Number of protein chains: 2
Amino acid sequence: MTLIFNEREKCGSCPIRHRAVCARCDDDELARLEEIKSYKTFEAGQPIIWRGDELVTFASVVTGIASLSRTMEDGRTQVVGLLLPSDFIGRPGREYVDFDVTAVTEVTLCQFQRKPFEKLVEEVPHISQRMMEMALDELNAAREWMVLLGRKTAREKIATFLEMVVRRSTIPNQAVAQYSLPLTREEIANFLGLTLETISRQLSAMKKDGIIEFEGRRNFFIKNLAALHEASGDDADGGIIV
Amino acid sequence: MTLIFNEREKCGSCPIRHRAVCARCDDDELARLEEIKSYKTFEAGQPIIWRGDELVTFASVVTGIASLSRTMEDGRTQVVGLLLPSDFIGRPGREYVDFDVTAVTEVTLCQFQRKPFEKLVEEVPHISQRMMEMALDELNAAREWMVLLGRKTAREKIATFLEMVVRRSTIPNQAVAQYSLPLTREEIANFLGLTLETISRQLSAMKKDGIIEFEGRRNFFIKNLAALHEASGDDADGGIIV
DNA sequence: CGCTATCTTGAATCCCTTCAAGTCGCGTGG
DNA sequence: CCACGCGACTTGAAGGGATTCAAGATAGCG
């Protein structure tokens, strides 16, 4: 189910048209973006940009999932964010890339060359406004995640992660909702600041407790949503918004 | 050494004039800010805004240090950021406050009423540009901190924190540089995702290892900067930028 | 159908926390 | 100016949650 994007695909029919950096643009502004954009696809597992690379392109994720991470010299890795469709890659004003970006699934990007894009950011308030809004949303999400990393137990971390998967899932409310883990156990571990064995053990424990049920390694059902939320450590209506 | 700020203190002589949200403003734009600003001082320990509060004012920290934190229902708290002079408080576009803001030392704020400030953000690109820049800087800092919280050991966390204190210290390079911890052991613990006992033990260990030396409870010297950096787990030139 | 990466489970270990008992430094008041 | 008192800090010992190391199971691919 690889989607094909032509170089001059019209923005009007773009799946992320109303959530990406271009969300507030009018037709004229879209036309200017169309002039400088190009699509590029990465296979699952492929690096997209690496820390220290010179920052030559910005991009929006159109389809697929990418991870933003940092690896220490001795190999310890922390995932600091997941990039979903409509999320932005790159930081205007920086010369170099700060974190590694890796394709988790197959990923299609809508890329912009740096210079012309920065020019647009300066000239088109609808773009800079939307970028600021997105940056502030991500800042909030990062801070919520800091609470998880610094203070939550393994079980709370995993429950929070599962809730996030459920909340972000685009699947509409069905009679029996089935969800799919977007990451391997190891990737989840690197996102939650744990080891893959701990992820596996805690998922088994939650299965034994009747909170979730697995069908294969990736697909799962929520058997007890209240218990899942209870286990997340978040209060009634808070939680990760991302 | 309490500084007195008059209600109509001129921005031109403001200590954070060139780093705060107003950094890029010209004289006309400053004049518009001066119309809607007012100073307010909080004593050490006092809450400034609370999670869930209606967001009625934005502010820049002029002097002092404030903390941004979240406390879970059972009392576990995580500090997600320190607010130093020139840092901004509040999030345009939100109705409610997301994190607790507390005065760590005596704090002076330059406050703006919400509506008129949001209007200025829309109309003055110099403000929105600077705000985006600051938001992106903070996002980067938050992500670096996520690596610390998720993957570093207690010793690495504390070494990184001490390096941050040194880096942010406004003290010019002196023959023998003395620094001061801006936080209590408990506050440091809540910032690093540890307990206050662990902070105390690790500081003692680093003292025994000849890396640092204390004079009283807050003041310290770096005896071996290379060893401190070595202990931080960061590679040569990376680290927290904040 | 078989192979391999991914995952599960077990056992031992360890780092950090928890609980507890002091000690120290600093500001206040005598 | 010094003594006092309390909050902040230090240190110790025990406990526990997560990691590490290791062996096997399973799913999903070719």
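As the structure is a computational prediction, the values presented were derived from the model and not from experiment. By convention in this document, chain letters (A, B, ...) are assigned in the order of the sequence lines, proteins followed by strands, and residues within each chain are numbered from 1.
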| task | Take B/Phe99 and A/Glu144, measure what side chain to side chain contact (heavy atoms under 4.5 Å, CB included) needs, and give me the verdict at the end. | result | CA-CA 9 Å; B/Phe99 292 89; A/Glu144 302 259 5; 4.3 Å; yes
| request: Take B/Leu181 and B/Phe161, measure what side chain to side chain contact (heavy atoms under 4.5 Å, CB included) needs, and give me the verdict at the end. | output: CA-CA 10 Å; B/Leu181 293 179; B/Phe161 175 71; 4.0 Å; yes
Pairs under 3.5 angstrom, nitrogen or oxygen only, protein versus nucleotides 23-28 of chain C, please.
residue: C/dC24; atom: O2; partner: B/Arg217; partner atom: NH2; Å: 2.4

| said: When you measure from the side chain of B/Ser169 to the backbone of B/Val165, do you find a donor-acceptor pair of N or O atoms at a distance under 3.5 Å? | reply: no
| query | Do B/Lys152 and A/Met72 have side chains that get closer than 4.5 Å, going by heavy atoms? | reply | yes
| Between A/Arg94 and A/Tyr96, is a side chain to side chain contact (heavy atoms under 4.5 Å, CB included) present by the stated rule, with each step listed? | CA-CA 6 Å; A/Arg94 284 267 157 135; A/Tyr96 298 97; over 6 Å; no
| field | Whether B/Trp145 side chain and B/Phe191 backbone form a donor-acceptor pair below 3.5 Å | value | yes
| task | Mind grabbing the angle between the end helix axes of the helix from C/dC1-D/dG30 to C/dG30-D/dC1? Five pairs an end, 10° rounding. | result | 40°
| message | Between A/Leu228 and A/Met206, is the side chain to side chain contact (heavy atoms under 4.5 Å, CB included) condition met? List the steps. | response | CA-CA 9 Å; A/Leu228 180 67; A/Met206 294 179 76; 3.4 Å; yes
| field | Minimum side-chain heavy-atom gap A/Arg70-B/Arg143 below 4.5 Å | value | no
| Any side-chain heavy atom of B/Leu203 within less than 4.5 Å of one from B/Arg185? | yes
| request: Provide, to the nearest angstrom, the distance between the CG atom belonging to B/Asp74 and the P atom belonging to C/dT18. | output: 10 Å
| When the distance from NZ of B/Lys152 to P of D/dT19 is rounded to whole Å, what number comes out? | 18 Å
| remark: Between CZ of B/Arg185 and P of C/dT17 the distance, given in whole Å, is 16 Å
| message | I need the NZ-P distance between A/Lys208 and C/dT8, as an integer number of Å. | response | 15 Å
| message | Within residues 194-205 of chain B, which residues have any heavy atom lying less than 4.0 Å from an atom of DNA chain D? | response | B/Leu196, B/Glu197, B/Ser200, B/Arg201, B/Ser204
| What's the NZ-P distance between A/Lys157 and D/dT19, to the nearest Å? | 7 Å
| query | Going by atom types only, do B/Thr77 and B/Asn190 share a side-chain donor-acceptor pair under 3.5 Å? | reply | yes
| field | Whole-Å distance separating the CD1 atom of B/Ile188 from the P atom of D/dT10 | value | 9 Å
| query | Does the B/Ser232 side chain pair with the main chain of B/Ala159, one donor and one acceptor, at a distance under 3.5 Å? | reply | no
| task | Measure the distance from CZ on B/Phe214 to P on D/dT10 and round it to the nearest whole Å. | result | 7 Å
| Protein-nucleotide distance (A/Ile158, atom CD1; D/dG17, atom P), rounded to Å | 15 Å
